[in-house]
S.K.: 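This is the structure I want to talk about, given as structure tokens.
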Amino acid sequence: MECDNVQNKIVDYIENNMSENEATAMKTHMETCNKCQIELEEMQKFLGKVTDDDLEQPSKNLRINFEKMIAEEKELQQTKVVKLKPKTNWKSYLQIAATILLVVSSFLIGRNQNSELHKTEVAKLENESVISKQNTILALMNNQSASKRIQGLEYAEEFTDLDPEIIEALVKRMLNDENTNVRLTAVNALQNFISSEKVKDGFIKALDTENDPAIQMTLIQ
């Protein structure tokens with residue numbers, strides 16, 4: 001097998017997405033080719049690092065503090081009830097009810113405020129995660145390795161809304177990349193953004209310049 005063919009299939013080799021004969025041929029080639037062996041090790045390291053970011057879990061202090069406050073208030077009210085005299089008037093009962101109402105109201109207000117804060121924090125973390133993934137995609141698409149460029153393009157297919165800079169990079173790969181598989185993967189990734197005028201113009205230009213029949217058919221479809 002040629003080095004270019006091996007490097008284009010490294011991701012499939014790692015993920016066991018090829019026949020036994022192909023896998024054997026890949027293994028045999030890499031045992032005698034230091035360059036492809038390094039490429040395999042680098043891709044294995046990368047795939048082990050690119051994972052979904054864990055969302056920060058909300059603090060348990062709010063619930064613990066609230067339960068402690070309720071327990072203290074309950075003990076206090078039980079003490080007051082024991083000390084009530086037979087002739088206690090309705091004013092005392094109203095004071096107790098008002099105290100309980102105040103505690104419950106404070107809890108509900110605090111819970112709503114913490115809920116809104118949590119939603120804001122989650123939205124911020126999700127946005128940071130998207131930005132981080134898009135930066136990873138952009139870095140991969142500019143890598144010298146064809147297999148890593150393909151990996152970046154495949155990650156881009158998972159998004160429905162990308163930064164204009166990444167859209168431009170996808171179009172650039174479709175039009176100018178020297179590797180046929182990279183150009184084809186770029187076309188597939190850009191199908192998710194067909195409403196973009198830049199993508200439409202890129203498809204039209206690619207039809208005029210592309211010579212590979214498989215890519216031409218994909219563009220036409």
Side-chain angles (χ1 to χ4, degrees), residues 1-30 33 35-47 49-52 130-221:
M1 299 181 70
E2 297 294 334
C3 288
D4 287 343
N5 192 25
V6 169
Q7 292 178 10
N8 288 338
K9 294 182 178 181
I10 281 181
V11 175
D12 290 333
Y13 177 75
I14 294 173
E15 297 178 352
N16 296 321
N17 291 330
M18 57 172 54
S19 66
E20 184 177 350
N21 291 337
E22 286 182 312
T24 301
M26 290 276 289
K27 182 178 180 181
T28 301
H29 175 85
M30 284 185 286
C33 179
K35 178 180 178 181
C36 291
Q37 180 63 34
I38 294 174
E39 187 75 19
L40 172 65
E41 292 174 356
E42 289 180 353
M43 182 58 69
Q44 287 175 327
K45 291 179 182 179
F46 169 76
L47 292 176
K49 291 182 179 179
V50 178
T51 57
D52 290 334
V130 170
I131 293 174
S132 177
K133 289 180 179 179
Q134 291 186 348
N135 288 338
T136 299
I137 290 171
L138 194 59
L140 284 171
M141 284 194 292
N142 290 325
N143 196 282
Q144 292 183 352
S145 168
S147 61
K148 290 186 178 180
R149 294 201 298 275
I150 291 175
Q151 188 73 33
L153 293 166
E154 289 176 344
Y155 278 126
E157 291 186 53
E158 300 176 5
F159 287 81
T160 56
D161 185 19
L162 286 177
D163 185 273
E165 185 178 0
I166 297 183
I167 294 290
E168 185 174 350
L170 286 169
V171 173
K172 180 179 178 181
R173 287 299 159 200
M174 176 183 65
L175 295 174
N176 302 320
D177 201 282
E178 61 185 13
N179 187 283
T180 301
N181 291 329
V182 173
R183 297 199 305 276
L184 180 59
T185 306
V187 173
N188 291 328
L190 285 168
Q191 291 180 17
N192 294 332
F193 314 103
I194 191 63
S195 60
S196 168
E197 291 299 324
K198 182 180 289 293
V199 174
K200 291 178 183 178
D201 293 341
F203 279 163
I204 293 172
K205 186 174 181 180
L207 280 171
D208 291 335
T209 59
E210 182 58 57
N211 295 321
D212 186 271
I215 300 178
Q216 289 175 341
M217 289 299 298
T218 303
L219 286 166
I220 293 171
Q221 291 173 1

S.K.: Counting only heavy atoms from other residues, nucleotides and ligands, does the tally under 6.0 Å from NZ of K35 exceed 12?
M.R.: no
S.K.: Considering all heavy atoms of both residues, which atom of L153 and which atom of T185 are nearest to each other, and what is their separation?
M.R.: CB-CG2, 3.5 Å
S.K.: Are any of the side-chain heavy atoms of K205 and D201 separated by less than 4.5 Å?
M.R.: no
S.K.: So K148 and E39, do their side chains get closer than 4.5 Å, heavy atoms only?
M.R.: yes
S.K.: Looking only at non-hydrogen atoms, find the nearest pair between E22 and K9 and report the distance.
M.R.: OE2-NZ, 3.4 Å
S.K.: Is the closest side-chain heavy-atom distance between Y13 and L40 below 4.5 Å?
M.R.: yes
S.K.: I'd like to know whether CD of E154 has more than 12 heavy-atom contacts from other residues, nucleotides or ligands below 6.0 angstrom.
M.R.: yes
S.K.: Using a 4.5 Å cut-off on heavy atoms from C-beta on, say whether the side chain of M18 contacts that of T24.
M.R.: no
S.K.: Do you know which two heavy atoms are closest between I10 and C36, and how far apart they sit?
M.R.: CD1-O, 4.3 Å
S.K.: Would you say the side-chain atoms of R183 pair up with the backbone N or O of L175, donor to acceptor, closer than 3.5 Å?
M.R.: no
S.K.: Do V199 and F203 make a side-chain contact, defined as non-hydrogen atoms from C-beta onward lying under 4.5 Å apart?
M.R.: yes
S.K.: Please report the interatomic distance CG(L170) to CG(N188), rounded to the nearest 0.5 Å.
M.R.: 11.0 Å
S.K.: Please name the pair of heavy atoms, one in A214 and one in L184, separated by the smallest distance, quoted to 0.1 Å.
M.R.: O-CD1, 4.5 Å
S.K.: So do I166 and I137 actually touch side chain to side chain, heavy atoms under 4.5 Å?
M.R.: yes
S.K.: Give me the atom names and distance for the closest heavy-atom approach of R149 to N179.
M.R.: NH2-CB, 4.0 Å
S.K.: Side chains of Q191 and T218: does their closest heavy-atom pair fall under 4.5 Å?
M.R.: yes
